[in-house]
Protein chains: 2
Amino acid sequence: MSLDHAATVLVVDDEPQIVRALRINLSARGYKVITAHDGTAALKAVAETKPDVVVLDLGLPDMDGTEVIGGLRGWTTVPIIVLSARGDSADKVEALDAGADDYVTKPFGMDELLARLRAAVRRSAVSPVDGAEAIVDTGSFTIDLAAKKVRREGKEVHLTKTEWGVLELLVRNRGRLVAQKQLLHDVWGPTYETESHYLRVYLAQLRRKLEPEPSRPRHLLTEPGMGYRFEI
Amino acid sequence: MSLDHAATVLVVDDEPQIVRALRINLSARGYKVITAHDGTAALKAVAETKPDVVVLDLGLPDMDGTEVIGGLRGWTTVPIIVLSARGDSADKVEALDAGADDYVTKPFGMDELLARLRAAVRRSAVSPVDGAEAIVDTGSFTIDLAAKKVRREGKEVHLTKTEWGVLELLVRNRGRLVAQKQLLHDVWGPTYETESHYLRVYLAQLRRKLEPEPSRPRHLLTEPGMGYRFEI
DNA sequence: TCGGGGCGTCAAGAGGGCGTCATCCAGGGT
DNA sequence: ACCCTGGATGACGCCCTCTTGACGCCCCGA
């Protein structure tokens, strides 16, 4: 899916010079780079921008590194590469067992970090299973999962980030029922699992934009009490 | 799938003392350990025994380490952790880009290696998501457990949340008797274990929707005084 | 033969979930 | 500083589903 050169990297570090060095090197290699300078911002950034990989410094000002890892692992499997000045075996074990994917000690070689980053992205990029067609056509409208575009009667339909998040999850599970909890969890984050009202609002918006008869949906179906389902 | 304590590790190294140390430590932690002392044997061993993770020394007598990695990556995504005495950045990059998942330099801490191994196994254990098609066919109707769909004579039958809860539990225990108490406990909750009237109502509804002759059920059977049973 | 418990069936009321619309608020761009 | 988009939240009516009650049947033992 997301090729290396299109991958988004979240860099979490409170040392400006490290952030700067990483930003320069990563950008030069075609990665999209976003940054956070503490744990709270990191959790927020992951929930909002869904990066393809996280580079996480353990020495953050506001919370312990393993807490950040734990906060992420509760609801996402995004690869996490830990950066740390501490090379103790115990630190590595703790971080890895908390859910980190790799552990690099400072000072680190940029080449090595980049290689480990490629490895992490490659691994997680394999999973988008399904052998899925990147373009799904319902007859009423088409969804291009790779390009993140939706067309209806030839014209492109603009979707907001949240609308796309809902639609993508449903389309990737086409034919299958997706539980309300899962939608809320994956699109909004782990603390929104009970806000089913959001789903009603956004499904209504998607239907209005995509369905020929929004009040009689043929593709974005509700299974009362259970969840939603996308049918072609 | 394979839990940590049941995971199989292939150790590929030509130094007997390393193999011995790994075998002892891994076995002590409940891993099943198999070994290979050169690249050819390693490729053969992976094909034959399908290990959950490979620990690969780069300094093998018969072939280059990256060749081994390449030979594996052509057809399997099994996690590969490289062990190497050479800590050059270039070596790491080469191995990782060839398809390795991690790179540990000798001498290594056993704790760290074990933690990285756990991380690698954990990652790959997550992916076998929606493996098996879970479709049950009775001849009269079919149940798709993954999609939460029921079809009868080609047409989809709509079930409510509670109806589906009852049917799913029975189907997942197909052929076995499911006690009333268990059904009520699992579908309605622990405080409903005596409300057997619910079961009568819902079994009747399911039969009406699914059975060819609802009054003569062939699949959703009552065992008077005990519970219900689903038969194909 | 009679009575009771378990079961199946039907029906109706109540509550909750859903769709819809309107409003408020924050953030980003001009 | 302003506007404008998009997200969050509340109000409201409708429909479906769950729940509950009533009743008849069958099987069993008394």
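Per chain, numbering begins at 1; letters A, B, ... match sequence-line order. All heavy atoms count here, side chains included; hydrogens, waters and symmetry mates do not. Please read all numbers here as calculations on a predicted model, not as lab measurements.
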- Task: Kindly point out which of D:dA11, D:dT19, C:dG8 is positioned nearest to the side chain of A:His197?
- Result: D:dA11
- Item | Candidate pair B:Arg207 and B:Thr222, rule side-chain hydrogen bond (donor to acceptor under 3.5 Å, both in side chains), full reasoning | CA-CA 11 Å; B:Arg207 284 169 181 148; B:Thr222 302; 2.6 Å; yes
- Query: D:dT17 phosphate, OP1 or OP2: any side-chain N/O from B:Thr160 under 4.0 angstrom?
  - Reply: no
- Task: Find the distance B:Glu195:CD to D:dT20:P and express it as a whole number of Å.
- Result: 6 Å
- Which one, C:dT20, D:dG7, C:dC7, comes nearest to the side chain of B:Thr222? C:dC7
- Take atom CZ of B:Arg216 and atom P of D:dC25, then tell me their distance rounded to the nearest Å. 16 Å
- For C:dC18, does either OP1 or OP2 sit under 4.0 Å from a side-chain N or O belonging to A:Gln180? yes
- Give the nucleotide from the list C:dT9, D:dA8, D:dC18 with an atom nearest to the side chain of B:Tyr202. D:dC18
- Which nucleotide, C:dG19, D:dT9, C:dT20, lies nearest any side-chain atom of A:Tyr228? C:dG19
- Rounded interatomic separation in angstrom, taking CG from B:Leu203 and P from C:dC10: 15 Å
- Query: What is the distance, rounded to the nearest whole Å, between atom CG of B:Leu159 and atom C1' of D:dC18?
  - Reply: 15 Å
- Item | Of the listed nucleotides D:dT19, C:dT20, C:dC7, the one nearest the side chain of B:Arg200 | C:dC7
- Side chains of B:Val136 and B:Thr142: closer than 4.5 Å at any heavy-atom pair? no
- Passes side-chain contact (heavy atoms from CB on, under 4.5 Å), A:Tyr228 versus A:Glu223? Steps please. CA-CA 6 Å; A:Tyr228 294 85; A:Glu223 300 279 351; over 6 Å; no
- Query: Can A:Trp188 and A:Tyr202 be said to form a ring-ring contact (aromatic ring centres under 6.0 Å, His included), step by step?
  - Reply: CA-CA 12 Å; A:Trp188 279 268; A:Tyr202 277 90; 5.6 Å; yes
- Message: Measuring from the side chain of A:Arg207 (C-beta onward, heavy atoms only), which nucleotide among D:dT9, C:dT9, C:dG19 has the closest atom?
- Response: C:dG19
- Item | Nearest-angstrom distance from the residue atom CD of A:Glu163 to P of D:dT5 | 13 Å
- Can you figure out which of D:dA8, C:dC7, D:dT9 approaches the side chain of A:Trp188 most closely? D:dA8
- Message: Quick check for you: among D:dT20, C:dC18, D:dA8, whose closest atom lies nearest to any side-chain atom of A:Tyr198?
- Response: D:dA8
- Item | Within 6.0 angstrom of B:Phe141 CZ, more than 12 heavy atoms from elsewhere | yes
- Do any side-chain nitrogens or oxygens of B:His158 fall under 4.0 Å of OP1 or OP2 in D:dC16? no
- Query: How close or far is atom P of D:dT9 from atom CG of A:Leu184, stated in whole angstroms?
  - Reply: 13 Å
- Message: Rounding to an integer number of Å, can you tell me how far B:Lys161 NZ sits from C:dG17 P?
- Response: 9 Å
- Just how far, in rounded Å, is P of D:dT17 from CD of B:Gln205? 9 Å
